[in-house]
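Protein chains get the first letters and strands the later ones, always in sequence-line order, with residue 1 at the start of each.
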Amino acid sequence: MITKPKGTKDIYGMEAKKWQYVSKVIDEVMEKYNYDLIRTPVFESTELFHRGVGETTDIVTKETYDFTDRGGRNMTLRPEGTAGVVRSYIENKMYGSDDKPTKLYYNMPMYRYERPQAGRLRELTQFGYELIGSDDPLSDAEVISLAVNIYKILGLKKIKVNINSLGDTESRNNYRDALVKHFKPHIDDLCDDCRERLNKNPLRILDCKIDCDKEVMKTAPKTIDYLNEESKNRFEKVKEYLDVMAVEYEVNPSVVRGLDYYNHTVFEIEVNVEGFGAQNVIGGGGRYNGMINQLGGPVTPAIGFASGFDRLMLALEYENVNLLVNDSIDLFILYVNEEEKKYAAYLTNELRMNGFIVETDYLNRSLKSQFKQADRLNSKYTIVLNSCDLKRNEVKIKNNKSKQEDIISVDALIYYLEEKLSEDELEIYENTNHDLKNTQECTHNKEE
RNA sequence: GCGGAGUUGGUGAAGUGGUUAACACACUGGUUUGUGGCACCAGCACGCGUGGGUUCGAUUCCCACACUCCGCCCCA
């Protein structure tokens, strides 16, 4: 048997329905925030990621899927979304548009050559968005609050937002020097990885899980103390806007992010559900004002966010969020003989064209099996075609829940179904839809 | 790249160096010549991750590999 490659996943059945639902919610929210969808290629020149994401990042040095195409070009399956979006922004001269800032979102698969574990796959899906062309602290706050809002609308409750500021280039360099100065005398106390990091990417030492409890770590300088006046004021502004939008957050100096391109605001969103596993950061992002220029575009400020779709789905599952996924059909049409089968074919087609979800039997099953199939599909109504009824141009339709049966004229069928289904829906809405109402009420209260 | 635990049908699984791989659920058909979801009956793994080895004989023992799950590094 040929099996799927390591670290990949087939998504089908109920899981696929949930994916569609979550994607739809994302699309709707993004539309309200006026972000446009962008799709970029799965593979790009290897160089894009080296220059865009950074030579020293782990993602680029040891996790990419690289290949040479038949023309001898070096290609890489994208490990993240921002580099491709920025490349497209520059290549298509979007900076020339009068519509500023440029707001783009995506929902696409990414590829990283890693050892799979809970919440980590080699083919992963991320949705994310980029706000390009504004350096205003309000854009930072909006990008963060948007992420929080998507999670909230989907029904996640136990999320925590960690924010930090790396400052501008000057602040970042000062901080970097201070870190090196701080850790150098203690280099022998640090783990092998950290010794390596000291030269290449000292910020990452702060993320280390082996050395995190050591004294040197606790006394390490904090990014915030090395922000120059301008960067500090900027960070304060971001926090002010977040407060106005009622976003709860915590300033966490150890959030430094693994990608080289970040400056100023960086943030991560984690879920705190028991048993969720080690990969509890479901989304993160930050400002990358230098990247567009570095990739050959005009100097342009930008900020973005990306979230792991698979991890988001896991979080929803662990929080027992009940997604409003439709797993029923409107009508199942049963038949026995060939004449009725033909009529079933006609009626099924006709009703589908009128917007109903209709199924019938394709396996010439016994009537009993057809009933079973109708149950399995959670059919709201069933029609058993009967030659005698059909001669009078009538069908017998049954509500599978109430068991009530009606004999109605075929001409009235569409009208009948429309009316009955909307009655049923109203009943379901009154019983199950309170969650959504409550969320909306909460938001209103906060705004007032 | 490193470490731990696994891999028996559609599913959950029991089991053994030697004729037919238990049980349950699901599924299909029948009892019921056109009204089901109950009950009863029948059917349902030529196979025990893949490839080698030991053996008269391996799903069971040994080795390698693959994959899955969990963790480290890192990230979403």
Side-chain angles (χ1 to χ4, degrees), chain A residues 1-10 13 53-54 56-64 78-82 107-128 147 151 191-194 196-197 201 204-205 207-212 255-259 267-271 275-286 304-315 332 334-337 339-340 361 363-379 382-389 396-398 400-401 403 405:
Chain A
M1 185 174 58
I2 298 170
T3 57
K4 63 187 184 310
K6 185 173 181 166
T8 62
K9 205 177 171 208
D10 297 318
V53 180
T56 63
T57 58
D58 282 2
I59 286 185
V60 165
T61 55
K62 57 180 205 192
E63 290 173 9
T64 50
R78 61 170 173 240
E80 56 92 59
T82 303
N107 187 356
M108 322 186 278
M110 313 288 167
Y111 301 83
R112 295 184 194 176
Y113 192 87
E114 294 190 278
R115 194 76 180 265
Q117 68 183 73
R120 166 183 296 159
L121 293 163
R122 288 185 168 182
E123 181 182 62
L124 58 133
T125 303
Q126 286 189 337
F127 77 89
Y151 292 145
C191 69
D192 292 349
D193 288 334
C194 283
E196 187 80 5
R197 291 180 187 122
N201 199 347
R204 296 232 54 84
I205 297 179
D207 254 358
C208 184
K209 301 233 164 60
I210 301 169
D211 291 329
C212 64
V255 174
V256 292
R257 308 291 300 154
L259 310 173
F267 66 102
E268 287 181 351
I269 300 177
E270 58 183 45
V271 281
F276 185 62
Q279 314 303 325
N280 69 334
V281 174
I282 58 169
F305 168 80
S307 179
F309 206 101
D310 316 79
R311 284 187 190 177
L312 171 59
M313 298 310 286
L314 267 181
F332 194 98
L334 299 82
Y335 62 86
V336 172
N337 61 37
E339 185 197 347
E340 292 157 8
D361 180 59
L363 298 171
N364 293 310
R365 281 186 272 215
S366 66
L367 202 58
K368 176 173 173 170
S369 294
Q370 291 184 49
F371 271 113
K372 280 193 177 179
Q373 179 64 9
D375 279 341
R376 253 191 306 260
L377 294 172
N378 278 323
S379 186
T382 48
I383 287 178
V384 181
L385 294 177
N386 176 310
S387 304
C388 300
D389 291 344
K396 198 190 272 179
I397 185 164
K398 183 173 182 178
N400 265 358
K401 211 171 168 188
K403 306 296 177 212
E405 269 185 323

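If you check every strand for non-hydrogen atoms under 4.0 Å, A/Val281 touches sugar and phosphate atoms only. Note on A/Gly285: nothing from the nucleic acid sits closer than 4.0 angstrom, heavy atoms only. Base engagement by A/Leu385 is indicated by at least one non-hydrogen atom pair under 4.0 Å involving a base atom. Among the heavy atoms of the strands lying under 4.0 Å from A/Glu340 is at least one base atom, whether or not backbone atoms are also near. Residue A/Asp310 is out of contact with every strand shown, counting any heavy-atom pair closer than 4.0 Å. Base contact: A/Gly119 has a heavy atom under 4.0 Å from a base atom. Across all strands shown, A/Asn400 has heavy atoms under 4.0 Å from base atoms, whether or not it also approaches the sugar-phosphate. Among the heavy atoms of the strands lying under 4.0 Å from A/Ile282 are primed sugar atoms or P, OP1, OP2 only; no base atom is included. Using a 4.0 Å heavy-atom cutoff across all strands shown, A/Glu80 reaches no nucleic acid atom at all. Among the heavy atoms of the strands, none lies under 4.0 Å from A/Leu314.
Between the side chain of A/Lys403 and the backbone N or O of A/Asn400 there is at least one donor-acceptor pair closer than 3.5 Å. Not a single donor-acceptor pair under 3.5 Å links the side chain of A/Arg120 to the backbone N or O of A/Gly7. In this structure, the side chain of A/Thr125 does not engage the main chain of A/Phe309 through any donor-acceptor pair within 3.5 Å.
A gap of 14 Å separates the P atoms of B/rA5 and B/rA64, to the nearest Å. Taking atom C1' on both nucleotides, B/rU8 is separated from B/rU50 by 15 Å, rounded to a whole Å. When the C1' atom is compared between B/rG17 and B/rU31, the two are found 45 Å apart, to the nearest whole Å. As rounded to the nearest Å, B/rG10 and B/rG49 have P atoms that lie 13 Å from one another. Only the P atoms considered, B/rU7 is 11 Å distant from B/rC61, to the nearest whole Å. Nucleotides B/rG3 and B/rU59, compared at atom P, are 30 Å apart to the nearest Å. With P as the reference atom, B/rG18 and B/rC48 are 16 Å apart, rounded to whole Å. Comparing the C1' positions of B/rC25 and B/rU19 gives an interatomic distance of 30 Å, to the nearest angstrom.
OP1 or OP2 of B/rC72 lies within a sub-4.0 Å distance of a side-chain N or O belonging to A/Gln117.
More than 90° away from 0 lies the glycosidic angle of B/rG4, which makes this nucleotide anti.
Between atom CD of residue A/Glu405 and atom CD1 of residue A/Ile397 there is a gap of 10.0 Å, rounded to the nearest 0.5 Å. With rounding to the nearest 0.5 angstrom, the OH atom of A/Tyr335 is 9.0 Å from the CZ atom of A/Arg365. Between the CD atom of A/Glu268 and the CD1 atom of A/Ile282 there is a distance of 11.5 Å, given to the nearest 0.5 Å. The CG atom of A/Leu121 lies 9.0 Å from the CZ atom of A/Arg311; values are rounded to the nearest 0.5 Å. Interatomic distance, A/Ser307 OG to A/Ile269 CD1, rounded to the nearest 0.5 Å: 7.5 Å.
RNA chain B is contacted by both A/Ala306 and A/Asn386; A/Asn386 maps to the nucleotide lying nearer its 5′ end (nearest heavy atom per residue). When the nearest nucleotides of RNA chain B are assigned to A/Arg311 and A/Gln373 by heavy-atom distance, the more 5′-ward of the two goes with A/Gln373.
Closest contact between the side chain of A/Ala118 and the listed nucleotides B/rC70, B/rC67, B/rG34 involves B/rC70. Of the candidate nucleotides B/rC69, B/rU28, B/rG29, B/rU28 has the atom nearest to the side chain of A/Arg376. Checking B/rU28, B/rU35, B/rC72 against every side-chain atom of A/Ser369, the shortest atom distance belongs to B/rU28. Here the side chain of A/Ala278 is nearest to one of B/rG34, B/rU28, B/rG71, namely B/rG71.
Here A/Thr64 pairs with A/Asp66 under the side-chain hydrogen bond (donor to acceptor under 3.5 Å, both in side chains) rule; sequence neighbours left out.
There is a side-chain donor-acceptor pair under 3.5 Å between A/Tyr111 and A/Glu123.
With hydrogens and angles ignored, a donor-acceptor pair under 3.5 angstrom links the side chain of A/Lys368 to the base of B/rU31. The base of B/rG37 sits with one of its N or O atoms less than 3.5 Å from a complementary donor or acceptor on the side chain of A/Lys403.
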TODO: Do nucleotides 1-11 of chain B as a string where each nucleotide becomes B, S or -: B if the base has a protein heavy atom under 4.0 Å, S if just the sugar-phosphate does, - if no protein is that close.
DONE: BBB--------
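Between A/Phe305 and A/Phe267, the two ring planes are parallel [angle under 30°; tilted spans 30° to 60°].
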Open item on the list: In dot-bracket form, 5' to 3', how is RNA chain B paired? Count Watson-Crick and G-U wobble pairs only if both distances fall under 3.5 Å, and write | where the partner sits on another strand.
Closed with: (((((((..(((.....[....))).(((((.......))))).....(((((..]....))))))))))))....
